[in-house]
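Inspection log for the structure reproduced underneath, given as structure tokens.
This one's a predicted model, so the numbers in the text were calculated from it and none came from an experiment.
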Amino acid sequence: MKERVSGQITVFLSLILICVCGLLCGLLESARTAAARCYVEIAACSAMDSLFSQFHRALWEEYRIFGLEHFEEQELEEEFAAFFQAYADQENWYPFVLEDTQVQERQLLTEGSGTYFLQEIVDYMKYGIWTKEWSETDAAESLRAVKEAQQTAELSRHMEIQTKNAWKLEKCLEDLSQCLREQETHQREAARRLNQEDGSGFCRKAEELIDELERIPRLIEKYEKQADAFGQELDELWQEYEGKKADLGESVWQAFLQELEEYRSYTDEDGARRMQIAALSPQSQDRISLTEAVCEEAEEVEEYIAQWEPEDEDDELNESALWRPVQQHFAAYQLLTFPAQAGIQDKEKEGLLNKLREMADHGILSLVLPSGAQVSSGLLSVENGPSQTVSYEEDELEGGILKKALTAEYCQVFLNHFCDTGGKEPAYEMEYVLFGQDVDETNLVRTAELLLLVREGMNLIHIMGDGEKRNQARTLAASVVGASGLLPLVSITAFLIMALWAFGEAVADVRTLLSGGKVPLMKSREDWKLSLEGLLAFAASGSMEGIEEGENGLSYEQYLTVFLMACPHTQLLYRTMDVIEMNLGREQPGFRLSDCAYRVDMQASGSGKHVYFSLGLWKSLMGGEDHVYPIQTSVSRAY
């Protein structure tokens, strides 16, 4: 009996032990399976890290941009699988078989309107590797100043044109005044011939007088057309002013309004003068009729004298009595006079002022390049660059002015420019980012023109706010115009002189910048270089030699940085990509940033092997399969 009970207990305990062992094995397998999944995730992350460790070395070393170069998604999948397989090959408690890897998504450096490339730049710049020169406030203020300067220079150039139109109007009046003086000369000579009883001589002079009188209506018509065009262009200029008011500071806006009122005053006073001038046309017709009538009378008198025959020897012909009525008739001729003085008196200075702006038409580089400077003739191979794949009219990227400032500073650090070519061609990389031309010289010319425009605007703002310089300009204007009948002509000529003075100073500024010097964004009196006498000397010689270079303010590359901040952000990013791709392509032909990944999302799938269920009874119960449960993981990695 005791043996039977003992056997039952043994069987019972064996069954309990089997259950306990099964429970323990199940718990252990469950824990191991959870750990296996963690192991697979670790393996996937490690494989992705290994994959991204193959970043393009030259791209990082030269431009501090991370990018994983590849050509097809399959290449990424195969390399990822190779790194992943190393973990599957280990003999440990977590056996599994890798069955498939698949790229779920990849983000290239050239995608996302430049967002991913921008993130690489920001990551590099923001960690203090490079000291930021521009705060968000400074960048915004500089951009506002540059924009105001551009608008100021453009408006002033329009006003220059109107001043020269006024000069053309005065030239029309000069021609008319000269015609009236010629009329007076011919009339006096004709009267002298008539008083000498020289009928033939009178008629010849009368024909010359009539020719001058017939010119008067034509000159008046020319003057009226010029006056009408001048008035219409002033109206258009006013509308343009209204459209750009928001871009100008209040003080600059008020200064422009004051100058525009001077143009209005000129046209108002010219309107009264125009009525007097218009009256000359019918008056000239009256003089023509009178002269023709007197000429006919003179011919009749001469004919009578030629045909007269005395009836007897004592008859004498009283010729003076015959000529007297003709002389009295011509004495009724009243000279046509100009109602007011007009024109430019100092033709030499007028010519110099006209020459100043025309100098830029003969080549801006000839004006601003330092002596001995050589211009690169390099060609940029960017026809298939990243910038060709996007439109710069896309919405601005998020991040505001600060990210744009960081991008512009990045260009300042890594790209070459005229003052620092790095001894290679193409050399003007920052200039290319600004203007996108494939010829170095063209980009430099466009940059010099922009520099000249901005400096001209800033200089004009300074002059308009400096009473002493305004008075100097008005004094010179008075000497140019002379004793003109219209006082506002002095004022609008003074504005032309101020604008040209700003232009001449801007030429000196750009020369300084291209020589490696510095120029303040907004000048003080102490920073000013060019006098009015120096301006006229510059116009006469065409040379800006001897101007002292400045040591305070912004350098050439810093001006370019401000200009880059004013560019559309997409343009700034993609043209920078063009330069990087072009330069790295010299050492690695065919290199493309569009082959470089910024981020990759990868999915891996396989099956795991049960360890505690893989022997004996459990294996037979599970159908003899070693790998029976699926494993799937996803991993995402970005630089």
#### Entry: Donor-acceptor pair between Q178 and E182 side chains, under 3.5 angstrom
yes

Residues 189-196 side chain polar contacts: donor-acceptor under 3.5 Å, at least two apart:
residue: E189; atom: OE1; partner: R192; partner atom: NE; Å: 3.2
residue: E189; atom: OE2; partner: R192; partner atom: NE; Å: 3.4
residue: E189; atom: OE2; partner: R192; partner atom: NH2; Å: 2.4
residue: E189; atom: OE2; partner: R193; partner atom: NE; Å: 3.0
residue: E189; atom: OE2; partner: R193; partner atom: NH2; Å: 3.4
residue: N195; atom: ND2; partner: A191; partner atom: O; Å: 3.2

### Query
Side chains of W167 and L353: does their closest heavy-atom pair fall under 4.5 Å?
yes

### Task
Test side chain to side chain donor-acceptor pair (under 3.5 Å) on D527 and S524 and set out the steps.
CA-CA 5 Å; D527 299 316; S524 63; 2.9 Å; yes

### Query
With distance as the sole criterion, is a donor-acceptor pair present between the side chains of R181 and T185 under 3.5 Å?
no

#### Entry: Distance-only polar pair, side chains of E302 and S200, donor-acceptor under 3.5 Å
yes

#### Entry: Note: E174-K171 ion pair, threshold 4.0 Å (strictly below)
no

### Message
Taking the basic N atoms (NZ, or NE/NH1/NH2) and the acidic carboxylate oxygens, is any pair closer than 4.0 Å for K355 and E358?
### Response
no

### Basic-acidic side-chain contact under 4.0 Å: K147, E141
no

### Query
Do T337 and L180 come within less than 4.5 Å of each other through their side chains, counting heavy atoms only?
no

### Task
Answer yes when E160 and K164 have at least one side-chain N-carboxylate O distance shorter than 4.0 Å, and no when they do not.
no

### Query
Which pairs with one or both residues in residues 211-229 pass side-chain hydrogen bond (donor to acceptor under 3.5 Å, both in side chains), sequence neighbours excluded?
E212-R215, Y223-D270, D228-R274

### Query
Does the side chain of R446 reach to within under 4.5 Å of the side chain of Q437, using non-hydrogen atoms?
yes

### Query
Can you name the closest pair of heavy atoms from C567 and L434 and give their distance?
SG-CD2, 3.6 Å

### Task
Would you name the heavy atoms of L560 and T447 that are closest together and state the gap between them?
CD2-CG2, 3.4 Å

### Query
Are the ring centres of Y559 and Y556 closer than 6.0 Å?
no

### Query
Do Y428 and H417 have their ring centres less than 6.0 Å from each other?
no

